[in-house]
Each structure stands twice: as structure tokens, then as C-alpha cells.
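Shown next, in C-alpha cells, is the structure this report addresses.
Computed over heavy atoms, backbone and side chain alike; hydrogens, waters and symmetry mates excluded. First the proteins, then the strands, lettered A, B, ... as listed; each starts at 1.
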Amino acid sequence: MPELPEVETTLRGISAHLINSEVSHVEIRTEKLRWPFQEDMNFVLRGQVIRDITRRGKYLLVRCAGGTLIMHLGMSGSLRLVPPGVEPGPHDHFDLATNTGPVLRLTDPRKFGSLVWTEKAPEEHTLLKDLGPEPLEERFSADYLHQAIQRRKRAIKLVIMDSRVVPGVGNIYANESLFEAGIRPETKACDLTLEQCTQLVDAIKAVLARAIEAGGTTLKDFVGAGGRPGYFQQELKVYGRGGEPCVTCNTVLEETRLDNRTTVFCPTCQS
DNA sequence: ACTGGCTCCTGAGGGC
DNA sequence: TGCCCTCAGGAGCCAG
């Protein structure tokens, strides 16, 4: 479900309510999400003071005094703050209760999300150590991208969805960014010029920033931690619009599949 | 070093 | 109404 903007929206919604809280207990209501829960999850988390919550790509990092809870929302996950005592629904798999009141509740129908506790520096964890530079930071530049993709023969769309190259960009924002950059999704990555890399990097940064500003994209039922939906779906120019006219030139948008993911582009604006 | 295919899981929506 | 199919915001893992 969530790509970088939805995870960032979630982070902004929850962090102020949880920082400096102490974890009173956790409740696990399913055997496993992506992986089985580690058995001592309650033991290791109970009593931890939440120092900070940050984001790396699509991962949320709940940084505590004695370690870090690494969370990923998969395709269908979302996090909300609920008052203690609210009855869990069928897909509410995990609660983290705090001594200050709010309960952080993970809902995830498809169970592709993950929750991993680590006591070492999280950036060195297997899940995070190979991630590329944060797309909204300066290190993610045209020079970086041009260098990173020079030996990659796959379609540029697949390469920008590779978290080792750009973490945080999923199917929606890959489609949107390529439209904004005027580049066909199936173009071989190694064929991109430095000029095109500049346009693509600028487009990725701009699209992600606008989406964050709008509170993310709500397709089915994504809601931020405060229960508000995102509004970026109203600004989508190609994703979900195959067969409809291009917002720029009125050409009918083409829909194809790349690596089994729906891909939409304008055959006139993108070359 | 890179690629393609498979996998996990549930729900919604379309066709018959 | 029910059944069966395809598709959905992800990414780790493995063989080649």
C-alpha cells in the first residue's frame, strides 16, 4: 500500500504522540506477518522509552533506548493511534500500548508488512543496509542516478522501484515521476542521458514532495494516523488512468505491464 | 553483478 | 447468488 509519502504522512501523524512515551506492553494477534513474530517481542519492548521515530525509504524506525523497532507496511498496512480499550478489528494484528495513553495499532489485511526488533544500529540491519540515498535528500542527485544505473539494462521504471537505487518509490510514484520527466517507462536504464537523469531526479523529488503535502494517496482506505485520508489521488496524472486522455496533450494513455506491475504512460509526452 | 520468477496473504470486482 | 478469475500501494529470496 504505502509508498514513501504515505509512510512519511504516517510518521508525521504518530511521532509527536509517542516520543518520550514508555511501552507498557504489546499485543500480537496473528502468528506472522511477512515473517513470524520473534517470540520475545513483548519482553524486549516492554518498558522501552521511545526516543524518536524516523523513516528510511518505506521503513519506519521506532528508536528506543535499548534498540529499534523496524516497521514496514507492505502492500496493505496502515498505522493508527487509538485510545486504549478500542476493540480490534479482524486485521488489527499488532498493538503497541504506551503509558501516556495512545495505542499504536497496525492494520494489515494482506499481512505483507513486517515488524523486526534490532538492538544494533538499524542502518546496519540487513533490511536497511543496502538502501540507496533518501530521494528527498541532496545525495540523491542526477550524477548519483546516472552513475548508479549505467550498467542496468532493465526498464528505468523497474530500476527506480529498486530500493537499492531509490528507496521509497513504488508503482504509483514511479509512473507519475516518469510522466513528469517525459521518459517512457520501458526505456533501458543505461540508455538514459545525464540530462534525462536530471529531469527524472527532479520529477521524483517534486512528485514525492507534492504527495507528502497532500497527505499521501488514498486508493482504497489508506488513512493517516489521525484517520484522515490522503488527497494526492486527485493529482495523479497517469496512474489508474489507462485509456483516458493525457492531461497535457489529450492523447489516450497507454497501459502495459512491466514485471507484472501496471504501467501507464503517454505515448506522445514520454519518449 | 544483475535478472527474472516465485512467494507470502486477503479482499474487491468482473464475467458467467 | 455463487464460483472462478485477475488484480492490488511490496520486497525478500533463489537459481541461473
- Would you call A:R12 and A:E213 a salt bridge, using N to O less than 4.0 angstrom?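 A:E213 and A:R12: not salt-bridged.
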| query | Hey, are A:R154 and A:D162 close enough for a salt bridge, meaning a charged N less than 4.0 Å from a carboxylate O? | reply |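 Answer for the salt bridge query: no.
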Exercise. In terms of side-chain heavy atoms of A:R257, which of B:dC2, C:dC7, B:dT3 is nearest?
Worked result: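 Nearest listed nucleotide: C:dC7.
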Looking only at the side chain of A:K111 (C-beta and beyond, no hydrogens), which of the listed nucleotides B:dT3, B:dT10, C:dA11 gets closest?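 Between B:dT3, B:dT10, C:dA11, the one nearest the side chain of A:K111 would be B:dT10.
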- Item | Most 5' of A:D259 and A:A148 on DNA chain B, judged by nearest nucleotide |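 Going by which nucleotide is closer to the 5' end, it is A:A148.
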Review point. Pick from A:T30, A:T107, A:L106, A:V86: which one makes a side-chain contact (heavy atoms from CB on, under 4.5 Å) with A:D92?
Key: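 Single side-chain contact (heavy atoms from CB on, under 4.5 Å) partner of A:D92 among A:T30, A:T107, A:L106, A:V86: A:T107.
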Looking at C:dA8, does its base get a donor-acceptor pair with the side chain of A:R110 below 3.5 Å?
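Counting by modelled atom types and ignoring angles, a donor-acceptor contact under 3.5 Å is found here.
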Indicate whether OP1 or OP2 belonging to C:dG9 is found under 4.0 Å from a side-chain N or O atom of A:Y173.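 No.
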Under 4.0 Å: is that the gap between some side-chain N or O of A:Y59 and OP1 or OP2 of C:dG12?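 True: A:Y59 side-chain N/O within range (under 4.0 Å) of C:dG12 OP1/OP2.
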Test log, rule side chain to side chain contact (heavy atoms under 4.5 Å, CB included), inputs A:I212 and A:L136 = CA-CA 11 Å; A:I212 291 170; A:L136 292 173; 3.6 Å; yes
Review point. If we call it a pair only when both distances are under 3.5 Å in a Watson-Crick or G-U wobble match, what pairs with B:dC2?
Key: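 Looking at the geometry, B:dC2 pairs with C:dG16.
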Partner nucleotide of B:dC9 by Watson-Crick or wobble geometry (both distances under 3.5 Å):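 Its partner: none found.
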*For B:dC6 versus C:dT6, give the span between their P atoms, rounded off to a whole number of Å.*
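So the two P atoms sit 14 Å from each other.
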**Asked** What integer number of Å spans the P atoms of C:dA11 and B:dG11?
**Response**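 Their P atoms lie roughly 22 Å apart.
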Check the geometry between A:F112 and C:dG10 and answer yes if their rings are stacked (centres below 5.5 Å, planes below 30°), otherwise no.
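It does: the two rings, one from A:F112 and one from C:dG10, meet the stacking criterion.
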